[in-house]
There are 2 protein chains.
Amino acid sequence: MNQEITIVKIGGAFLEDQILLESFYTSFSELKGRKILIHGGGQRASKLSRELGITPKMVDGRRITDVRSLEVVTMVYAGWANKKLVSGLQGQGCNALGLSGADADLIRARKRPVSEIDFGFVGDVERVQTTALIRLLDAGFTPVFCALTHDGNGQLLNTNADSIAASLAIALSASYSTKLIYCFEKEGVLRDVNDPESVISEIDRYAFEALRKSGDIATGMIPKLFNSFKALEEGVGQVCIGSVGLLSGNAPKFTQIIL
Amino acid sequence: MNQEITIVKIGGAFLEDQILLESFYTSFSELKGRKILIHGGGQRASKLSRELGITPKMVDGRRITDVRSLEVVTMVYAGWANKKLVSGLQGQGCNALGLSGADADLIRARKRPVSEIDFGFVGDVERVQTTALIRLLDAGFTPVFCALTHDGNGQLLNTNADSIAASLAIALSASYSTKLIYCFEKEGVLRDVNDPESVISEIDRYAFEALRKSGDIATGMIPKLFNSFKALEEGVGQVCIGSVGLLSGNAPKFTQIIL
């Protein structure tokens, strides 16, 4: 039986809500065993963009990332969000180490080819440098990843945080028994986006297809579920979506993804 | 004889000049042995501040860092500057790993006490976590530090990059033969700030005092020289101030600090 590792992705809403954030710091710090955190920061990036007179452009929930937008997300994700989380976790005794995919060449990505849409400096994960990552884990650090990668030739790339979380979980599944938790401000995937009580306890591919067809599911949830199924298919042991309560095992409700 | 390590601090001007930056990437990547980079980013931080309607306030070359200014420097130093350098160095095959003092609890600082001036969230280095830093060096990474530290209780602090460089060099002197290089866009400390040819080849404490009294020395150079003397007194083997040519040993002129 392999050693366990928990990969937690938190949404940007955590970063804007001090109460939610404090409860996250405690739960994540208390989480036993090896762990990795991945965070977003899109809300703040859009806010900063507007303050700088740059209109954020999104297509299917993905940011069109031109040179100036890349500067904005780099400042917000790797700077503001990452160091806020790292210092906050350090304050709780969790030995956090902030990272982007460029650091130690941990995550290489390929710039998304221009088709109908030119996403600009957006990258899709190509490979995770598992050896270096395990070296950091073995040294007792808790990696905290922001949603940036690089192409290995000097170019930073904006990469979806949900996809990074799934890629890390998949890459580590060869060495660890991996659990992937998508943690956000709701209790799980909702059958009815307007009813916070309507948490679906289990979703398999059939249920997902039915939800997609019905159009009831929140748009942002679709790539998260795609990533979840991909993770399970590629060796990740468990994938859950829900509130911060999932970290301490105190979530009354949550969504488990099953194949 | 201890193993050698080179600690290089670069000024913010490098980050704004693509030609200077490219030559730095090459020289730093080619530098043999263990090495650490420390960078500033003050120019860009002031630019971003103004764009956001925050007037930068400086006293003796140090930034008065209120909550909003701390957000700005965190975004610029740990985000924009750090990840630009890390991805650029990775593009040259240097295994850079970006860090702030909060990461892995590497550099703790104490918030500067309020006296005549309240510097806000500015910290003075209290201790370097040498064991963790050596672990990263041993793992084959090249640490790239931005000018941020933390107090260990969740608070990030803005800390002068020259001081961080000296603190790291001093802390590592117990384990390595250390060389500290302050690298900037000039060839060294100038006798006459208006004459780029007037590089002083050696400065000891007496020469420094004479320069200070004469008022001819650039203001920004004074804390750098204080840090240099402190470093030499506390075990650092060699301290030089000069151009990027210092890294490849090709600098026709530079300033060597001696006790």
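All chains are named by letter (A, B, ...) in the order of the sequence lines, taking the proteins before the strands, and each is independently numbered beginning at 1.
In this structure, the portion of B:Asn153 lying under 4.5 Å from any heavy atom of chain A is its backbone and not its side chain. Using a 4.5 Å cut-off between heavy atoms, B:Leu70 does not touch chain A at all. Neither the backbone nor the side chain of B:Leu106 has a heavy atom closer than 4.5 Å to any heavy atom of chain A. Proximity to chain A is limited to the backbone of B:Ala96, based on heavy atoms less than 4.5 angstrom apart. If you measure heavy-atom distances from B:Arg108 to chain A, you find no contacts under 4.5 Å at all.
Rounding to the nearest 0.5 Å gives a distance of 9.5 Å between CG of A:Asn95 and CG of B:Asp103. To the nearest 0.5 angstrom, B:Asp105 atom CG is 11.0 Å from A:Ser87 atom OG. The CG atom of A:Leu97 sits 9.0 Å away from the OG atom of B:Ser100 when rounded to the nearest 0.5 Å.
You'll find the side chain of A:Met75 reaches within 4.5 Å of the side chain of B:Leu48, heavy atoms only. In this structure, the side chains of A:Leu52 and B:Leu52 come closer than 4.5 Å at one or more pairs of heavy atoms. Side-chain contact between B:Leu156 and A:Val86 is absent, with no heavy atoms from C-beta onward closer than 4.5 Å.
A:Lys83 has no carboxylate O lying under 4.0 Å from a charged side-chain N of B:Glu71, or vice versa, which leaves the two without a salt bridge.
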